[in-house]
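Notes follow once the structure below has been shown.
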Amino acid sequence: MLENLNKTYDPKSFEDRLYEYWNENGYFKANVNKEKKPFTIMMPPPNVTGSLHMGHALNNTIQDILTRWKRMEGYEALWLPGTDHASISTESKVVEKIKAEGKTKEGLGREKFLEEAWEWTHLYGNTIKNQLKKLGVSCDWSRDSFTLDDNLSKAVEEVFIRLYEKDLIYRGDRIINWCPSCETAISDAEVEHEDSNSFIWYIEYPIKDSDEKITIATTRPETMLGDLAIAVNPDDERYKSLVGKYAILPLINKEIPIIADSYVEMEFGTGAVKITPSHDPNDFEVGERFNLGQNIIMNEKGFINANGGKYEGLERFVAREKIIEDLKKEGYLKEIKEHENAIGHCERCSTIIEPLISKQWFVKMESLAKPALEAYKNGDINFIPERFGKVYVNWLENIRDWCISRQLWWGHRLPVYYCESCGETIVSRDEITHCTKCNSEKLRQDTDTLDTWFSSALWPFSTLGWPEKTPDLDYFFPTDVLVTGYDIIFFWVIRMVFSSIEQMGEVPFKDIFLTGLVRDSEGRKMSKSLGNGIDPLEIIDLYGADALRFTLVTGNSPGNDMRFYNERVEANRNFANKLWNATRFVLMNLDEDVATKEFSIDELQEEDKWILSKLNETIKDVKHNLDKYELGFAAQRIYDFIWEEYCDWYIEMVKSRLYGEDERSKEVAQKVLLFVLKDINRLLHPFMPFITEEIWSHLPGDKGALILAKWPKYRSEYSFETTEKDIEYIKDSIKKIRNARLEMEIAPSKKSPIIFVTKDSSIEELISSGERYFKNLASAENVIVKSSKEGLDGENIAVVLDKAEAFLPLKDLIDFKKEMERLEKEKEKLEGELKRVTSKLLNEGFVSKAPKKIIDEEKDKKQKYEEMMDKVLERIDNVKKNM
RNA sequence: GGGCGGUUAACUCAGUUGGUAGAGUGUCAUCUCGACAAGGUGAAAGUCGUAGGUUCAAGUCCUAUACCGCCCACCA
């Protein structure tokens, strides 16, 4: 009697304690170890000031499962954690904070503002890490990284300079996406397009020195202030005579040329387009082709500037209203139509993006994208699920240069200096005091910072010490798998791939495991504004981290969204409870002196062999599933083995031995119970680390933590095919007898002998030797096996089995009407099966073309069903006589 | 305009080379039997969106189509 577990499963009583235990003993740490193969995962760094949501819980659970599994398999498993400075997001939070204190960014100045930001970071920077610990993440905290750490910043600077030196970074006036609220440029990836119902305005422009007019259609009338031309398609007969002439820009009274460019589609609108090179990406290109120059009419806050004449000072949408009003008043507005179009919004603050010409820094993408594309085509990187490969390819094939400069302060400042005397641009690793060209001391550093994703793109190697040639980098890089949401393929995955190929000469990871979204129980996206977010910490508090983890990896497949509802977590908590109680059972029936002994194969009983054989299959299947990242299958397989095979059958079968007189048999049962339980905990540990470690600490033998234990291996000596079949036959018979008793409404307490009739000697032997199973599990008083059913036609319940019949003499407890109904149902079922099998076997095509194995199986079935049918019919006749 | 995903039991979802449809929850019946009522035992429940096709055999492969959802895109 070794039982020393609490009576009920209470995750709160040990989860935090165990995390401390693992962490303080350094079990999460990974070091260069040439004896072992490395396994590396880089945690996608959450925003430093963020807090844990279900998305984090999902992908960190997956990473933890993989890491724990590989660690147990004997790999030197490194899971490197960290956080991202999240420039735009953090900066806006800090701006809000100081605003509440009556301060502004400009008022504070760069230095003071950054002090505030650091303070904010230190205040909230540990929140998410502590929350992650609640989940049980086994990452190496001694390597915790932050994108603004000195060494990571050094990597950023180095990459910038290298790209600049290779001419892959340039500065120029380009149309970029400008957020008037964040007051910074953002990249294409950071723009979210949203369909909206708007209008299209038809505006008439008079032609110079003529009575003719030309009507254009526009969705953004305010930009007309910056018009530098009108364009028509060169093939458009309607406008051929106007090309080369000038139009008068209404309200502004400025002459603009009418040009012909094939970009204009004749079918859309009126076939004539106003060209505003400074405020539209397409118009910008047309402007370049025709040397139209620039005319910027808006400032950084989205207000009309001096170039807008009398509209100067108006906010862009106020200006729109005013302009429409004026156009109407002066008769230029011909028509307004409803129009649906996709409007770009800032990914961060949802403000409508303003395409703007601006001097920014860009990464030239063409030569970087090419090898990234090849890496996929060569199979150097794999997507799980595969379909996301297409998304990757599509983005890379249509990629445009990456705008990397941000008009923000929180981030990596560009290592770029300008000489105020000669105008030289100097890109330098070191702080410089003199202009390299004119030796002037009048230098100023570029005030911009880099896109956050510029630094996270280097995460897989910057965290390992690059650009230094460190042993860590040599050993742990490239990493094995990246686990992240499909929504950041563009932001992050692609940029890591090309950055790594460029700097390291190889891909940063082999596999990319993409998770879906965790939605609420109604299938809605969890969001702050809807207030429907489910807090992982609350779930952990209610059901424990293990139940949450299990819920997140089962019942869904990679890359697909899942709905989250508490009932599922509850079911998994119940599963944990089941294991907990099974353990209690094993421990309370385990004699101390048996605990450390091993069993030998020749002393095993049938059910021992059966469970060991089943365990073996489970080990094989789980390994197979995990190798293919099928975590859900693996988890389900372990769940079924524990609940159905170990608890419902093995434990029940073994009870008669534990409570019996045969000391030797009892001992073997105890040893097998413990042996299997240990493997169960090993298998389940990556999925449910807390409960398994807690149980492990109470099991005798194996000293040491489960987290470091060996992963179970398939043992060919524990495969017993014949025994498996025998036990399955017994199980099947027991189920049929139970079913019959329940349908006849006979309480389990009403026991009876079970008389088996069979002409098959192997079945006879099997049933005789399995008497205790029937006694324990099918309410049998005793078991009798006969070869003839003489004298059994009377007051019995008859259960038809494969190659046998079972009779339960329950006499007056039997309601023959019910017995008849039961038999009729059985008959119907068999008729259906027989019909199916027979027609299949009569099908010429099937018999001539199907594999022999399948045909033989069908033939066997047919024979079996026929035999059973005969018995059922015979029995029906007998019952009729009795009624 | 392109691309992708979903449509399977009342609900939420699995379904790994095509070979008699599975789980959890819920429902019904039953059981205080020496681990567990967060449990045991058993039951009912599916035209696998629709229409074609390939095949001896299709939830699974192909072609259309409907509905729901997502992503990408410079028709002003």
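Lettering of chains follows the sequences in order, A, B, ..., and the numbering in each one begins at 1. For clarity, every value in this text was computed on a predicted model and none was experimentally measured.
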- P spacing across the pair B:rG19 / B:rG59, given as an integer number of angstrom: 10 Å
- Message: Here's one to test your reading of the geometry: is the NZ or CZ of A:Lys731 within 45 degrees of the ring axis of A:Tyr773 and under 6.0 Å from its centre?
- Response: no
- Query: Closest nucleotide of RNA chain B for A:Ile734 versus for A:Met266: which of these residues is on the 5' side?
  - Reply: A:Ile734
- Query: Charged N to carboxylate O under 4.0 angstrom, A:Arg563 versus A:Glu522?
  - Reply: no
- Can you tell me the Watson-Crick or wobble partner of B:rU7, both distances under 3.5 angstrom? B:rA66
- Task: Whole angstrom is fine here: how far is it from CG in A:Asp195 over to P in B:rG1?
- Result: 12 Å
- Check: B:rC36 base within 3.5 Å donor-acceptor of A:Lys578 side chain: yes
- Note: A:Lys852-A:Glu857 ion pair, threshold 4.0 Å (strictly below): no
- Query: Looking across every strand, which nucleic acid part, if any, lies under 4.0 Å from A:Trp395 by heavy atom: base, sugar-phosphate, or nothing?
  - Reply: sugar-phosphate
- Identify the nucleotide, in any strand shown, that forms a Watson-Crick or G-U wobble pair with B:rU54, with both distances under 3.5 Å; if there is none, say none. none
- Could you tell me whether A:Tyr865 contacts a base, only the sugar-phosphate backbone, or nothing, with contacts defined as non-hydrogen atoms closer than 4.0 Å? base
- Query: Checking all strands, does A:Arg563 fall into the base, sugar-phosphate, or nothing category for heavy-atom contacts under 4.0 angstrom?
  - Reply: sugar-phosphate
- How many Å lie between CG on A:Asp860 and C1' on B:rG19, as a whole number? 15 Å
- Message: Counting the atoms with a prime plus P, OP1 and OP2 as sugar-phosphate, which does A:Thr276 contact under 4.0 Å by heavy atoms, base, sugar-phosphate, or nothing?
- Response: nothing
- Item | A:Lys825 NZ to B:rG42 C1', straight-line distance once rounded to whole Å | 10 Å
- Query: Whom does B:rC75 pair with, Watson-Crick or G-U wobble, provided both distances fall under 3.5 Å?
  - Reply: none
- With P as the reference atom in both, quote the distance from B:rA58 to B:rG53 in angstrom, rounded to an integer. 12 Å
- Please determine, for B:rA44, whether a Watson-Crick or G-U wobble partner exists with both distances under 3.5 Å, and give it or none. none
- Task: Scan A:Tyr263 against the nucleic acid and name what it touches under 4.0 Å (heavy atoms): base, sugar-phosphate only, or nothing.
- Result: base
- Confirm from the modelled atom types if A:Glu652 and B:rA35 form a donor-acceptor pair under 3.5 Å, side chain to base only. yes
- Message: Using only modelled atom types and a 3.5 angstrom limit, is any donor from either the side chain of A:Arg836 or the base of B:rU20 paired with an acceptor on the other?
- Response: yes
- Task: Can you tell me the distance, in whole Å, between the CG atom of A:Asp487 and the C1' atom of B:rC72?
- Result: 14 Å
- Query: Would you say the side-chain atoms of A:Asp621 and A:Asn625 include a donor-acceptor pair closer than 3.5 Å?
  - Reply: no
- Query: In terms of the nearest nucleotide of RNA chain B, which residue is placed more toward the 5' end: A:Glu833 or A:Asn581?
  - Reply: A:Glu833
- For B:rG26, which nucleotide is its Watson-Crick or G-U wobble mate, given both distances must be under 3.5 Å? none
- Item | side-chain N/O A:Asn398 vs B:rC72 OP1/OP2, d < 4.0 Å | no
- Message: List the residues meeting side-chain hydrogen bond (donor to acceptor under 3.5 Å, both in side chains) with A:Thr692, not counting sequence neighbours, and say none if there are none.
- Response: none
- Item | Base partner of B:rC33, which must satisfy Watson-Crick or wobble distances under 3.5 Å | none
- Task: Please work out whether the ring planes of A:Phe550 and A:Phe575 are parallel, tilted or perpendicular, with thresholds of 30° and 60°.
- Result: tilted
- Item | Ring-on-base stacking B:rG34 with A:Tyr659 (under 5.5 Å, under 30°) | yes
- Task: Report which part of the nucleic acid A:Phe575 touches: base, sugar-phosphate, or nothing (heavy-atom distance under 4.0 Å, all strands).
- Result: nothing
- Message: Suppose you measure atom P in B:rG40 against the same atom in B:rG24; what distance do you get, rounded to whole Å?
- Response: 10 Å
- Hey, does A:Trp201 reach any base, or is it just sugar-phosphate, or nothing, if we go heavy atoms under 4.0 Å? nothing
- Message: If the threshold is 4.0 Å, N to carboxylate O, is there a salt bridge linking A:Lys655 and A:Glu652?
- Response: yes
- Query: Base, sugar-phosphate, or nothing for A:Ala217, non-hydrogen atoms under 4.0 angstrom?
  - Reply: base
- Task: Would you indicate what A:Lys735 reaches in the nucleic acid, counting non-hydrogen atoms under 4.0 angstrom: base, sugar-phosphate, or nothing?
- Result: sugar-phosphate
- Query: Is the distance from OP1 or OP2 of B:rC74 to the nearest side-chain N or O of A:Arg400 less than 4.0 Å?
  - Reply: yes
- Message: Measuring only the C1' atom in each nucleotide, how far is B:rG15 from B:rG52? A whole number of Å is fine.
- Response: 25 Å
- Task: Apply the test side-chain contact (heavy atoms from CB on, under 4.5 Å) to residues A:Gln670 and A:Arg657: give CA-CA distance (whole Å), side-chain angles for both, the deciding distance (0.1 Å), then the verdict.
- Result: CA-CA 9 Å; A:Gln670 293 180 21; A:Arg657 287 158 67 194; over 6 Å; no
- Give A:Lys655 one of three labels, base, sugar-phosphate or nothing, depending on what nucleic acid heavy atoms sit under 4.0 Å from its own. base
Might you list the N or O atoms of the protein lying below 3.5 Å from N or O atoms in nucleotides 52-55 of chain B, with each pair's distance?
none

- Task: Could you let me know what B:rU16 is paired to, Watson-Crick or G-U wobble, both distances under 3.5 Å, or none if it's on its own?
- Result: none
- Query: If you look at every strand shown and take non-hydrogen atoms under 4.0 Å, does A:His279 touch a base, only sugar-phosphate, or nothing?
  - Reply: nothing
- Message: Check A:Glu745 with A:Lys818, please: is the shortest side-chain N to carboxylate O separation under 4.0 Å?
- Response: yes
- Query: How far, in whole Å, is B:rG3 from B:rU8 if one measures between their P atoms?
  - Reply: 25 Å
- Where the side chain of A:Ala342 is defined as all heavy atoms beyond and including C-beta, which of B:rA43, B:rU16, B:rA73 is the nearest nucleotide? B:rA73
- Message: Between B:rG18 and B:rC56, how far apart are the two P atoms, rounded to whole Å?
- Response: 15 Å
- Can you label the angle between the A:Tyr639 ring and the A:Trp643 ring as parallel, tilted or perpendicular, going by 30° and 60°? tilted
- Item | P-based separation of B:rA21 from B:rU32 [nearest Å] | 37 Å
- Message: Need one value for A:Pro355: base, sugar-phosphate or nothing, where a base atom within 4.0 Å counts as base even if backbone is also close, heavy atoms only.
- Response: nothing
- Message: Is A:Arg738 close enough to B:rG42 that one of its side-chain N or O atoms is under 4.0 Å from OP1 or OP2 there?
- Response: yes
- Interatomic distance where NZ belongs to A:Lys7 and C1' belongs to B:rA38 [whole Å]: 15 Å
- Message: The side chain of A:Leu742 is closest to which nucleotide in this list: B:rA35, B:rG42, B:rC56?
- Response: B:rG42
- Note on the structure: Among B:rC31, B:rG24, B:rA38, the one nearest any side-chain atom of A:Tyr9 is B:rA38
- Task: Have a look at A:Val586 and say if it touches a base, only the backbone sugar-phosphate, or nothing, with a 4.0 Å heavy-atom cut-off.
- Result: nothing
- Task: Nearest whole angstrom, please: distance from the P of B:rA14 to the CG of A:Asp561.
- Result: 10 Å
- Query: When the distance from CG of A:Asp815 to P of B:rA29 is rounded to whole Å, what number comes out?
  - Reply: 19 Å
- Message: From C-beta outward on A:Phe633, which listed nucleotide comes closest to its side chain: B:rC71, B:rA35, B:rA14?
- Response: B:rA14
- Message: For A:Asp511 and A:Tyr629, which I'm curious about, is there any donor-acceptor pair between the side chains at under 3.5 Å?
- Response: yes
- Between A:Phe383 and A:Tyr376, does the ring centroid distance fall short of 6.0 Å? yes
- Message: Between B:rG6 and B:rA14, how far apart are the two C1' atoms, rounded to whole Å?
- Response: 14 Å
- Task: Report which part of the nucleic acid A:Gly269 touches: base, sugar-phosphate, or nothing (heavy-atom distance under 4.0 Å, all strands).
- Result: nothing
